[in-house]
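Let me begin by presenting the structure, written as structure tokens, before commenting on it.
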Amino acid sequence: GKVLALSGGVGGAKLCRGLTAVLNAEQLTIAANTGDDFDYWDLRICPDLDSVMYALADLNDEERGWGLRDETWRTLIAMRRLGGDEWFQIGDQDLATHMLRTQLLRAGHSLSAATKQIAAGLGVTHTLLPMSEQTVATKVSTDQGWLDFQQYFVRDKCQPEVRGLRFEGADTAQLNPLLKNVLQDDELAAIVVCPSNPFVSIDPILSLPDCVGLLKEASAPVIAVSPIIAGRAVKGPAAKMMRELDMPATALAVAEYYGDLLDGYVLDESDVEYSDDIVAMGIKVCVAPTLMTDLPSKTSLAERVLSFAASWD
Ligand code: GDP
Ligand code: FO1
Ligand code: CA
């Protein structure tokens with residue numbers, strides 16, 4: 001059967017790389033969050049699409065978590081000399097991605113078409129779709145007031161205390177029609193919610209009209225992989241955000257947050273204590289090593305998720 005993965009940047013991209021190691025281009029579709037997208041240096045930046053593309057092409061900088069490996073920063077340094085904006089770091093090679101994307105969008109191509117062309121140029125053969133063709137912008141309500149997502153995340157280093165989130169444009173945007181087709185495909189065998197930040201990577205996708213309804217009606221089970229391991233986020237502000245939103249920073253609280261959207265949940269071995277509570281919610285549980293540090297660990301987690309999904313037939 002076919003598989004759909006919903007993904008953010010870092011955590012999502014790691015599992016997606018595992019999925020591309022075991023599924024061919026006909027079997028897998030990846031839909032990525034675009035709520036992080038913004039304009040900078042007059043270029044359209046789509047961080048989660050780029051993180052997934054670069055990871056699938058094995059060109060990502062694993063340590064930094066974003067951008068390209070073996071990057072250079074001459075343009076950024078030149079921009080600094082000119083007194084231009086430099087709080088968001090665009091590498092010399094990464095720049096080409098944003099320039100081509102911006103050109104294609106200005107020439108009237110859709111974000112899906114621009115993504116397809118750039119991904120193909122990087123040698124990516126699997127289908128990667130933006131969640132929507134329209135612009136959706138994540139806004140963060142904090143103790144410092146409302147912030148644009150990249151101001152909160154990069155400029156202010158996730159230091160402001162989060163009080164809430166809003167996905168501007170989501171109510172009038174449409175779910176990517178190509179994604180809608182996958183959700184309505186009778187051959188769909190698994191919907192994987194990647195171990196991404198539930199609040200700023202997965203919720204923007206879920207906030208699009210009809211998305212939750214289509215996920216629930218789909219022929220395939222919806223299976224999430226916990227982004228929280230032993231009370232901590234592997235990277236990024238997910239655990240801090242949970243505490244600020246008055247939730248315990250646990251894998252259990254993530255399952256409760258997704259609630260009846262889920263048919264299955266993949267829990268890390270270190271969180272096996274939560275199994276019974278999650279099963280009591282009517283969600284099937286799979287306990288697995290979920291920390292992905294290299295290609296073999298990404299691939300084996302992908303295999304575990306797919307064999308868990310196969311237990312629904
Ligand atoms: P972002 O868009 O770059 O913020 O990335 P995502 O939202 O896709 O992923 C961020 C989440 O991934 C964080 O909550 C991390 O805890 C989680 N994460 C990162 N690496 C791993 C991993 O190896 N295993 C698991 N289970 N979660 C991970
Ligand atoms: N994240 C940072 O923390 N600092 C940066 O300077 C930065 C630059 C950057 C450039 C291109 C790109 O695609 C992503 C970039 N990111 C940077 C990552 C990023 O914007 C965030 O990790 C996310 O939006 C959260 O997913
Ligand atoms: Ca993101």
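In listed order, ligands and their atoms are each counted from 1.
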Short N-O contact, [X] and [Y], less than 4.0 angstrom:
| X | Y | value |
| --- | --- | --- |
| Asp58 | Arg17 | yes |
| Glu71 | Arg69 | no |
| Arg44 | Asp39 | yes |

### Query
Would you say Leu76 and Glu86 make side-chain contact, with heavy atoms under 4.5 Å?
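The answer is yes, as the side chains (C-beta and beyond) meet within the 4.5 Å cut-off.
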
### Query
Are Leu291 and Leu301 side-chain neighbours, meaning at least one heavy-atom pair lies under 4.5 Å?
no

### Message
Assess the residue pair Thr72 and Asp92 against the criterion (side-chain hydrogen bond (donor to acceptor under 3.5 Å, both in side chains)); give the C-alpha distance rounded to whole Å, side-chain angles, the decisive distance to 0.1 Å, and a yes or no.
### Response
CA-CA 6 Å; Thr72 56; Asp92 297 330; 2.6 Å; yes

### Task
Sum up the protein N, O or S atoms located under 3.0 Å from the Ca ion (ligand 3).
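That number is 3, waters not included.
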
### Query
With no hydrogens and no angle check, do the side chains of Ser112 and Asn176 hold a donor and an acceptor under 3.5 Å apart?
yes

#### Entry: Point-to-point distance, once rounded to the nearest 0.5 Å, from OG1 of Thr142 to CZ of Arg163
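Output value for this atom pair is 7.0 Å.
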
### Query
Between the side chain of Arg232 and the main-chain N/O of Thr250, is any donor-acceptor distance below 3.5 Å?
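Looks like no, no N/O pair under 3.5 Å.
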
### Sole residue of Asp50, Asp37, Thr115 in side chain to side chain donor-acceptor pair (under 3.5 Å) with Arg101
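Passing option: Asp50.
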
### Message
Would you call the rings of Trp87 and Phe38 parallel, tilted or perpendicular, taking 30° and 60° as the class edges?
### Response
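Answer is tilted, since the angle falls between 30° and 60°.
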
### Query
How would you list, by chain and number, every residue that makes a side chain to side chain donor-acceptor pair (under 3.5 Å) with Thr290, sequence neighbours excluded?
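Here the qualifying residues are Asp268.
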
Check each N or O atom of ligand 2 against all protein N or O atoms and list the pairs under 3.5 Å, with atom names and distances to 0.1 Å, one per line.
{"unit_1": "ligand 2", "atom_1": "1 (N)", "unit_2": "Trp66", "atom_2": "NE1", "d": "3.3"}
{"unit_1": "ligand 2", "atom_1": "6 (O)", "unit_2": "Gln89", "atom_2": "N", "d": "2.9"}
{"unit_1": "ligand 2", "atom_1": "20 (O)", "unit_2": "Gln150", "atom_2": "OE1", "d": "3.1"}
{"unit_1": "ligand 2", "atom_1": "20 (O)", "unit_2": "Gln150", "atom_2": "NE2", "d": "3.4"}
{"unit_1": "ligand 2", "atom_1": "24 (O)", "unit_2": "Asp36", "atom_2": "OD2", "d": "2.9"}
{"unit_1": "ligand 2", "atom_1": "24 (O)", "unit_2": "Gln150", "atom_2": "NE2", "d": "3.0"}
{"unit_1": "ligand 2", "atom_1": "26 (O)", "unit_2": "Asp36", "atom_2": "OD2", "d": "3.0"}
{"unit_1": "ligand 2", "atom_1": "26 (O)", "unit_2": "Asp48", "atom_2": "OD1", "d": "3.1"}

### Task
Sort out the contact shell of ligand 1: every protein residue with a heavy-atom distance below 4.0 Å, listed by chain and number.
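Near ligand 1, by chain and number: Gly8, Gly9, Val10, Gly11, Gly12, Lys14, Asp48, Pro195, Ser196, Asn197, Ser201, Ser226, Pro227, Ile229, Ala233, Val234, Lys235, Ala238, Thr290, Leu291, Met292.
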
### Task
Would you check, one step at a time, whether the test ring pair (Phe, Tyr, Trp, His ring centres under 6.0 Å) holds for Tyr265 with Tyr258?
CA-CA 10 Å; Tyr265 193 61; Tyr258 286 132; 7.5 Å; no

